[in-house]
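By convention here, the first residue in the shown sequence is residue 1.
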Amino acid sequence: TNILHHRLTTYGPRFSLAAALQGLDVSPNELEIAKENVYRRILEHAWGDEVVTPQEQQLLGWFIRCLAIPESKAREIYLEFARNRFAVALGKAMEDGVLEPQEETCLAQIAGSAGYTLPQFARTFFQGHAEAFLRGVFMAAVAEGHLSEEQWMHLLQMTQKFGLTKEEL
């Protein structure tokens, strides 16, 4: 992994997987693991600011081609990173039970970087978490024994942002 990563970052556009492997005794299985680990390192850097820009997306495509990682495997790893980032951001948003505009923007950027809208991403990967979050907000709202029209509307808006329906709420 370290050698492959070093050669990739050192040679840049001149990188050749075949040349990088010359003189190394690596099994096909070890090579696949090393390529995926290098891609994970690159993704860690790309996701460092919680969003992957279109320019970074292009560069990631180049890395995928250079490392000869199957597109489906690369997408699987990419979504793993997106889900992890989303989970952390959602956890922070859940702390106070209020989805602040900047928290929503962060979640939407993460989802967008993965090619989804916020409701699509939340529904696809985090329905259980979103439901738990909304349940907590609901329980806090009715703790006083009633639910105001304003609280109800806020809850419905948040439900919609997470891609859930009023019936599911």
N/O donor-acceptor pairs under 3.5 Å from side chains in residues 66-76, not counting sequence neighbours:
residue: K73; atom: NZ; partner: E76; partner atom: OE2; Å: 3.1
residue: R75; atom: NH1; partner: A114; partner atom: O; Å: 3.3
residue: R75; atom: NH2; partner: A114; partner atom: O; Å: 2.7

Looking only at heavy atoms, what is the nearest atom pair of [X] and [Y], with distance?
X: A46; Y: V52; answer: O-CG2, 4.0 Å
X: V38; Y: H5; answer: CG2-N, 3.7 Å
X: R40; Y: F81; answer: O-CZ, 3.4 Å

Take E80 and L43, measure what side-chain contact (heavy atoms from CB on, under 4.5 Å) needs, and give me the verdict at the end.
CA-CA 10 Å; E80 173 189 317; L43 280 174; over 6 Å; no

Please determine whether the number of non-hydrogen atoms from other residues, nucleotides or ligands lying under 6.0 Å from atom CD of Q120 exceeds 12.
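Atom CD in Q120 is packed in, count exceeds 12.
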
Could you tell me whether I3 atom CD1 has more than 12 heavy atoms of other residues or ligands within 6.0 Å of it?
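No, the 6.0 Å shell around CD1 holds no more than 12 heavy atoms from other groups.
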
Between OG of S27 and CD1 of I33, what distance do you get to the nearest 0.5 Å?
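One gets 7.5 Å once the value is rounded to the nearest 0.5 Å.
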
To the nearest 0.5 Å, what is the distance between CD (E150) and CG (L155)?
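Rounded to the nearest 0.5 Å, the CD-CG separation comes out at 12.5 Å.
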
Consider only side-chain heavy atoms of I, L, V, M, F, W and Y, link residues closer than 4.5 Å, and tell whether V88 and L79 are in one cluster.
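Per the 4.5 Å side-chain linkage, V88 and L79 are not co-clustered.
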
K35 and E32: CA distance, side-chain angles, deciding distance, salt bridge (charged side-chain N to carboxylate O under 4.0 Å, His left out) verdict:
CA-CA 5 Å; K35 292 185 322 183; E32 290 306 311; 3.0 Å; yes

Got a sec, which residues hit salt bridge (charged side-chain N to carboxylate O under 4.0 Å, His left out) with R85, two or more places apart in sequence or on another chain?
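Applying salt bridge (charged side-chain N to carboxylate O under 4.0 Å, His left out) to R85 gives E44, E50.
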
Please test L4 against L17 for side-chain contact (heavy atoms from CB on, under 4.5 Å), starting from the C-alpha separation and ending with a verdict.
CA-CA 8 Å; L4 189 58; L17 185 58; 3.8 Å; yes

Heavy-atom check, side chain of V51 versus side chain of I110, under 4.5 Å
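Not touching, per the 4.5 Å side-chain cut-off.
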
Y39 and E36: CA distance, side-chain angles, deciding distance, side-chain contact (heavy atoms from CB on, under 4.5 Å) verdict
CA-CA 5 Å; Y39 183 57; E36 290 174 18; 5.5 Å; no

Quick check on the 6.0 Å ring-centre criterion: do F121 and F86 meet it?
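Yes, ring centres under 6.0 Å apart.
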
For this output row, return yes or no: ring centroids of W47 and Y78 closer than 6.0 angstrom.
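That pair passes the under 6.0 Å test.
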
side-chain contact (heavy atoms from CB on, under 4.5 Å) assessment of E103 paired with E100:
CA-CA 5 Å; E103 293 168 331; E100 300 291 343; 3.4 Å; yes

If only side-chain N and O atoms count, and only distance matters, is there a donor-acceptor pair under 3.5 Å linking R7 with N2?
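Judged by distance alone, the side chains do not pair up.
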
Q102 side chain to T105 side chain, donor-acceptor N/O pair below 3.5 angstrom:
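No donor-acceptor contact under 3.5 Å links the two side chains.
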
